[in-house]
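The structure appears below as structure tokens.
Position 1 is the first residue of the sequence, and the numbers go up from there.
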Amino acid sequence: MKPLKLILLFFVSFSAFGQSLEKEEVFAHISKNISLVNEQIWFYLSVSNNDQASPSKIAYAEIIDRESLPVMQLIIPLHQGRAEGVLEIPPHLESDHYLLRFYTRISPLNEKSDKGVFNQMITIINPKKGPISPRQKQSQKTYKFQRAGVFHISESSVRKNSENILTQTTLQDPYCISIAIENPFLPEDFQGFIGQEIYQPLDEKNTVIPELYGHIVHGKNLDQMADPTETFFLSAHGRQSVLHSANPDQEGNMFFELGPLKAYDFLIAQSLNYEKQLNFAPQSPFWNLRLKDDLIFPSLELNEKDREFLEVLILAAQLNPHFIPEKAPEPQPIVTGLVADKTYFLDDYSRFENMETTLREYVPEVLVRRQNRKTVFKLLNSPLNGLFQENPLILIDAMPVFDTDALAKFDPKDIEKLEVLTREFSFNEDKFAGVMSLTSFQNDFGKFELPTNSLYLNYWPILKPKKLETPHFNPNIGVANYPDFRSCLIWHTTQSAEQLKFYTSEITGKYEITVSFFNENGIPQSFKTNIEVID
């Protein structure tokens, strides 16, 4: 009954949260606004609701080109309204200015405050794909990007390869700080960030469900007449496999609540009505936010005078992967809600060549019979001291299996264990005659073939959390004969001391020091200053 309890909780919370749908605000701090392809941009994301940490568990990031098309999309897990991670810039992008934006499933509804979507321009350089002259648009309007405030430091220049102390007494603790090379290609009018004023009005017909427990996969039944009683299964597979189910509404929409699951490699969709053609299509979880026609991206112009600067950036991009260690915590195991009455580890017994013989010889809770020329697995009904007459819910690594003949002939040599539930099993709206769950050694279905009339989905992944081992990027600062060409000198998201130590690299030139924090009213504040690294 545990999955049913989760569904009821979801609707209660949705009702309670619905009154403040228009209050969610998004703010982000990125490590730098210029990057080469295959490089990384670190980000810190904050989502608030009524000046408190938002209960939303998922955020979204997109990189948008000047034609309003997404060139990169990420799903980001939130913890207490916060997230820290890294954007891996795709290698296929052309050299140009792009729009980086962050939002949640419900924050774009906050059109009145203009803070539901955070937008910032970034410049991406691809040494193999120079900038293309953009086609001119008829109308143009100047949109006001919010510039960061200015704070002052005692030194305006420092030497390369040196240790330095940054002292501040006016900023709120804790604060997020980054020191990165200045972007000389982005015009002043596009520095800073901007809200939703650059987008066309939202479609009033949007169906929006807040993601209070985890990511929600939106699927659609493509049948002309959707049957609301038809059950669709969605199993997520990776280090751990988890099963979900849903029923379509009158328009064919169905929503699968992934809950705490934040790591998967692919999804598999099936229908309980497995004998008919599966008409299922996943829907994009990202908002179709359309830029206004009069928003004109600035053109990127690269000239001969920029060669030396670009060569330094290319060198930095080539060397950085060798000295930027990262930490990726292991995902926590997910409790599925299935508590077996009996568990069999198959290595404890002699192995047989097929599943039918294995069940007949070792598993008294399962009876194998032939009925209408089909194999039938009948489980004991322990509470009633009887026998179920229908097939149980059969799972291999959380993937439903309906072809009982194929399972009977299946060689279980790669199956680690069998779990049997000899009671009626309620799974959302459906009841099953017990459960027979197989788990493979490698979580690869034990080489069992993908069922017919199922759909393999290469779905958008949820971003895995990462953190730097050192905020200075380079753990070998000062080591002789170790090249240091960092274009980003520091990235720290929880700095609280008045004095901050940072180290310059071999790269000289202008750098930006960017600091952000939340004031006593919970409002995000940003400040910038410049510093020059000299020989």
Side-chain angles (χ1 to χ4, degrees), residues 22 24-35 40-49 54 56 58-78 81-90 93 96-124 141 143-148 176 178 183 186 189-203 206 208 211 215 284-298 300 460-463 514 516 524 526:
E22 298 182 356
E24 200 155 83
E25 298 180 354
V26 180
F27 178 79
H29 183 134
I30 63 175
S31 61
K32 58 183 178 179
N33 63 359
I34 182 170
S35 173
Q40 299 176 329
I41 295 179
W42 290 80
F43 69 87
Y44 176 77
L45 185 62
S46 170
V47 183
S48 61
N49 190 288
S54 171
S56 291
I58 296 293
Y60 299 89
E62 294 182 280
I63 295 179
I64 306 298
D65 66 14
R66 62 178 60 248
E67 300 300 327
S68 197
L69 299 175
V71 295
M72 189 188 77
Q73 296 177 310
L74 291 174
I75 303 174
I76 303 170
L78 293 172
R82 304 287 189 267
E84 181 181 354
V86 59
L87 307 173
E88 306 278 353
I89 305 302
L93 299 186
D96 203 352
H97 299 300
Y98 293 84
L99 187 71
L100 172 61
R101 66 189 182 201
F102 297 92
Y103 55 89
T104 71
R105 180 64 62 89
I106 61 173
S107 67
L109 298 176
N110 193 359
E111 293 182 280
K112 293 181 180 179
S113 75
D114 198 40
K115 297 179 180 179
V117 182
F118 180 93
N119 306 274
Q120 183 170 355
M121 296 293 297
I122 61 174
T123 303
I124 296 176
K141 178 182 177 181
Y143 288 88
K144 187 177 180 180
F145 281 69
Q146 184 174 337
R147 299 291 304 275
C176 181
S178 58
N183 183 354
L186 190 62
D189 290 343
F190 293 88
Q191 297 278 355
F193 60 91
I194 196 169
Q196 287 175 253
E197 62 178 285
I198 60 176
Y199 296 108
Q200 299 179 26
L202 298 176
D203 185 354
N206 286 308
V208 179
E211 295 178 302
H215 182 54
S284 172
F286 298 89
W287 276 85
N288 183 22
L289 298 171
R290 300 185 301 276
L291 294 171
K292 290 181 178 178
D293 294 334
D294 55 4
L295 173 67
I296 308 298
F297 281 33
L300 176 61
W460 293 269
I462 296 179
L463 185 68
T514 306
S516 63
S526 290

Mind checking what makes side chain to side chain donor-acceptor pair (under 3.5 Å) contact with H97, not counting sequence neighbours?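 So H97 forms a side chain to side chain donor-acceptor pair (under 3.5 Å) with T123.
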Qualifying residues under side chain to side chain donor-acceptor pair (under 3.5 Å), relative to Q73, sequence neighbours excluded: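 Expected list: E62, W460.
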Rounded at 0.5 Å granularity, tell me how far [atom1] in [X] sits from [atom2] in [Y].
X: R101; Y: I64; atom1: CZ; atom2: CD1; result: 3.5 Å
X: S107; Y: E25; atom1: OG; atom2: CD; result: 10.0 Å
X: N33; Y: L100; atom1: CG; atom2: CG; result: 10.5 Å
X: F145; Y: M121; atom1: CZ; atom2: CE; result: 6.0 Å
X: R290; Y: Q200; atom1: CZ; atom2: CD; result: 5.0 Å

Quick one: closest heavy-atom pair of [X] and [Y], and the distance?
X: R82; Y: V47; result: NH1-O, 4.0 Å
X: Q40; Y: E88; result: NE2-OE2, 2.8 Å
X: P285; Y: H215; result: CB-CE1, 3.6 Å
X: Q191; Y: N183; result: NE2-O, 4.2 Å
X: L300; Y: D96; result: CD2-N, 3.4 Å

Between L202 and L289, does the side-chain contact (heavy atoms from CB on, under 4.5 Å) criterion hold? Intermediate values first, please. CA-CA 7 Å; L202 298 176; L289 298 171; 3.6 Å; yes
Out of the candidates I296, D189, I194, only one should pair with Y143 under the side chain to side chain contact (heavy atoms under 4.5 Å, CB included) rule; please name it.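 Single pass found, and it is I194.
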Tell me, please, which residues at least two apart from R147 pass salt bridge (Lys or Arg N to Asp or Glu O under 4.0 Å).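 Expected list: E188.
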Would you please name every residue forming a salt bridge (Lys or Arg N to Asp or Glu O under 4.0 Å) with E84, sequence neighbours left out?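 With neighbours one apart ignored, the set is empty.
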With a 4.5 Å heavy-atom cut-off, do S56 and I106 have their side chains touching?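 Heavy-atom side-chain distance check passes, below 4.5 Å.
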Verify the distance criterion only: is there a donor paired with an acceptor across the side chains of H29 and S178 at less than 3.5 Å?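 Looking only at side-chain atoms, S178 and H29 do form a donor-acceptor pair, the distance falling under 3.5 Å.
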Kindly indicate, with the supporting measurements, whether the criterion side-chain contact (heavy atoms from CB on, under 4.5 Å) is fulfilled by L99 and I198. CA-CA 11 Å; L99 187 71; I198 60 176; 3.8 Å; yes
Full working for side-chain contact (heavy atoms from CB on, under 4.5 Å) between Y98 and I89: CA-CA 11 Å; Y98 293 84; I89 305 302; over 6 Å; no
Chi angles and distances behind the side-chain contact (heavy atoms from CB on, under 4.5 Å) call for T514, K32: CA-CA 9 Å; T514 306; K32 58 183 178 179; over 6 Å; no
Under the ring pair (Phe, Tyr, Trp, His ring centres under 6.0 Å) rule, collect the residues that match up with F43, sequence neighbours excluded.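 For F43 the ring pair (Phe, Tyr, Trp, His ring centres under 6.0 Å) partners, ignoring immediate neighbours, are F102.
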Under the ring pair (Phe, Tyr, Trp, His ring centres under 6.0 Å) test, which residues partner F118, sequence neighbours left out?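 Only F27, F193 meet the ring pair (Phe, Tyr, Trp, His ring centres under 6.0 Å) criterion with F118.
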